[in-house]
Amino acid sequence: MAYYALKRLGAVFLILIIMSLVIFLSTHALPKNTAAMILGHYSTAETQAALEHKLGLDQPLRIQYLRWASGVLHGDLGDSLVMNRPVAPILWRALANSAVLAGAAMVMVSIVGLSLGVIAAVWRGHSTDHAIAIFTYLGLAVPEFYWGLVLILIFSTTFHLLPSSGSGSVSMGFGRYSSHLVLPVITLTFSLLAHVSRLTRSSMLEALDTNYVRAARARGLPERQVILRHALRNALMPAITVLAQNFGFLIGGIVAVETVFAYPGLGQLLVYALQRLDLPVMQAAVLMMTATFCITNLAADLLYGWINPRIRYGGGVD
Amino acid sequence: MTEQGLIQPRRKRRRLPFALLAGSVIVAVLVILVLLAKLIAPYPFDQFHIHDRFSPPSLKYWAGTDEYGRDVFSRVLIGSQLSLTLGISATVVGIGLGVPLGLVAGYRRGIFDELIMRSLDLLMAFPPILLVLLILVVTPPALMKTAIAIGILSTPYIARVTRSVTLDLMSAEFIEAARARGERDWYILLRELLPNIWPVLMVEISLRVVFAVLLGAVLSFLNFGVQPPSADWGLMISSGRAFVDIAPWISLAPGLAMGVTVLGISLAGDGLRELMDPRLRGQR
């Protein structure tokens, strides 16, 4: 297990190094000259050359990459070209905002997804089961941002209950702060619900069909106890794995959802940088998202092995 | 569970799953609408009706008009062509790359298998949306480039399914027979293995089309995909955002169309899986 964890950790580093190369090379394959882009239409060749020299863009790619990479390792992510400020503090703030959003969504998905899955399994074949299937399907059928828009239309535009965009600060009080989170969290939750609830349902069905559940029923235990104690405990594992894997999806979904709600997180920062070709911010944001993605995936796999000792990580990793 | 199939009458076992029927009907209707979009659309998708800006849905404009007075219904219809073109061509790219890789990995095994599958694992380790965004940002946007980028992302999934089916088939009698006949490798790969992979692969293909349509919508919503004035669904939802309080139909109509499309394809895929895996029957 320890060997496996180390091996996987090594793979994460490898991926990050490759990703940093991909990011770096792709930003240098930009169709336009970076200096010309920053200075705009009216720049002359001399001013462009001066800026290139100042940014170190006139040096060979190899040296530029090493300089950037060593900066990253020292925690220096460079300065934003558009905002003219160091990238690191901007990035950390955005990451913290996104983490709050993602964490709240994960908690919601776990609670709602598991409950819906259990209810659907218990009422298998009934209209309740079908209603839950349709409800969760709806979350999958359109991209996250669409439901975000629908929620804004209902709760902000029509009933003026919740703010449609932005984020509050903790100093405004917990109520104001969390009111900005409600709609984005619901949107993200809804888009992830289907996976968790369907998997919980099918593993619950399997568990309900086993001999130990039959035995528990035969002993005359109340149905509630049979479902919660005997079946759910055994059905929980696959659900937990898929929850952890969903964290990866969440990172993808967060880009669009943060844009819809103008929520100042990592996703919005990335889109902002991409649209303005703010290279240092772009590089930092992409690297940060990749790192988060890899680490959560790794954590999911390790968690899986820890919960289920029957899985032996050895020779083949699959 | 296993005896169940023997006792049941034949007729009942052959019945098509409901999901497959419903899904195929939706997909068939969609394909007809896409092919005849230009004929059915009441107006050209880019025609301005300056006097009828922001008209709500009515008999004249079935889904209302947008900020330039363009007919939203016509735009949604024409937009279906873009979305399905993207979904299908991205998947074709994924099949073109993934099926040969999966076939070779499953057939050759050993070092080929390791090399191919590990590098595909690497591709799966990156957050999908970031790779596509990077590709689209550094090169000027075009529909086909989005399709290729999404297709590359689909490759590992398609290759994995192809490989596992190939591994299963390798021990089948007809492959042994072909070997005994002394057929060449390429013959076994193309004439014996390939035709038998499609049925199982169809399920994965339906998932990939859905993935491409949704990711394409996210990309054009973020303004990195298809550019205006195209009638792309994601783009329409995005530009309608600004008017969601006075003319919600601009954004709602294309989203609804996308929902029906995705639902149809997913249902068809689910139904196919049910049809091929009899153990699943009765569970839903």
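Numbers restart at 1 for each chain; the letters A, B, ... are given by sequence-line order, proteins then strands. When reading the values below, keep in mind they use all heavy atoms of this one structure, side chains included, and skip hydrogens, waters and symmetry mates.
- Of all the heavy atoms in B:Phe224 and A:Gln275, the pair that sits closest is CZ-CG, 3.8 Å.
- Side-chain contact between B:Arg241 and A:Phe145 is absent, with no heavy-atom pair separated by less than 4.5 Å.
- Contact annotation: the side chain of B:Leu134 approaches that of A:Met282 to within less than 4.5 Å [non-hydrogen atoms, C-beta and beyond].
- In this view, A:Tyr263 satisfies the ring-ring contact (aromatic ring centres under 6.0 Å, His included) rule with no residue, not counting sequence neighbours.
- For chain B, the option among A:Ile152, A:Val255, A:Val260, A:Leu138 with the highest count of heavy-atom pairs below 4.5 Å is A:Val260.
- Of the inter-residue distances, the one linking B:Asp270 atom CG with A:Arg198 atom CZ reads 5.0 Å to the nearest 0.5 angstrom.
- Annotation: B:Arg109, atom CZ; neighbour count of heavy atoms from other residues, nucleotides and ligands within 6.0 Å does not exceed 12.
- The structure places CG of B:Leu130 at 6.0 Å from CG of A:Leu270, a figure rounded to the nearest 0.5 Å.
- Of all heavy-atom pairs between A:Ala256 and B:Val218, the closest is CB-CG1, 4.0 Å.
- Of the listed residues B:Ser266, B:Gly255, B:Gly259, the one with more heavy-atom pairs under 4.5 angstrom with chain A than any other is B:Gly255.
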Please set out all donor-acceptor pairs under 3.5 angstrom arising from side-chain atoms of residues 10-24 of chain A, sequence neighbours excluded.
| unit_1 | atom_1 | unit_2 | atom_2 | d |
| --- | --- | --- | --- | --- |
| A:Ser20 | OG | A:Ile17 | O | 2.7 |
| A:Ser20 | OG | A:Tyr65 | OH | 2.6 |

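- Taking the side chain as every heavy atom from C-beta outward, A:Tyr137 and B:Leu267 approach each other to under 4.5 Å.
- Between B:Ser238 atom OG and A:Tyr146 atom OH the span is 14.0 Å, to the nearest 0.5 Å.
- The candidate from A:Val150, A:Leu274, A:Thr290 with the greatest count of non-hydrogen atom pairs under 4.5 Å with chain B is A:Leu274.
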side-chain contact (heavy atoms from CB on, under 4.5 Å) between B:Val262 and A:Leu140, intermediate numbers included: CA-CA 8 Å; B:Val262 169; A:Leu140 279 186; 5.9 Å; no
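- For the atom pair CD1 (A:Ile254) and CD1 (B:Ile129), the distance works out to 11.5 Å, reported to the nearest 0.5 Å.
- For A:Glu144, the part lying under 4.5 angstrom from a heavy atom of chain B is the side chain only.
- Most heavy-atom pairs under 4.5 Å with chain A: of the set B:Leu256, B:Thr261, B:Val260, this distinction falls to B:Leu256.
- Atom CG of A:Leu149 and atom CG of B:Leu252 lie 7.0 Å apart (nearest 0.5 Å).
- Contact count versus chain A (heavy atoms, under 4.5 Å) is highest, among B:Ile237, B:Leu263, B:Leu133, B:Leu122, for B:Ile237.
- The distance from atom CG of B:Asp245 to atom CG of A:Leu153, rounded to the nearest 0.5 Å, is 8.5 Å.
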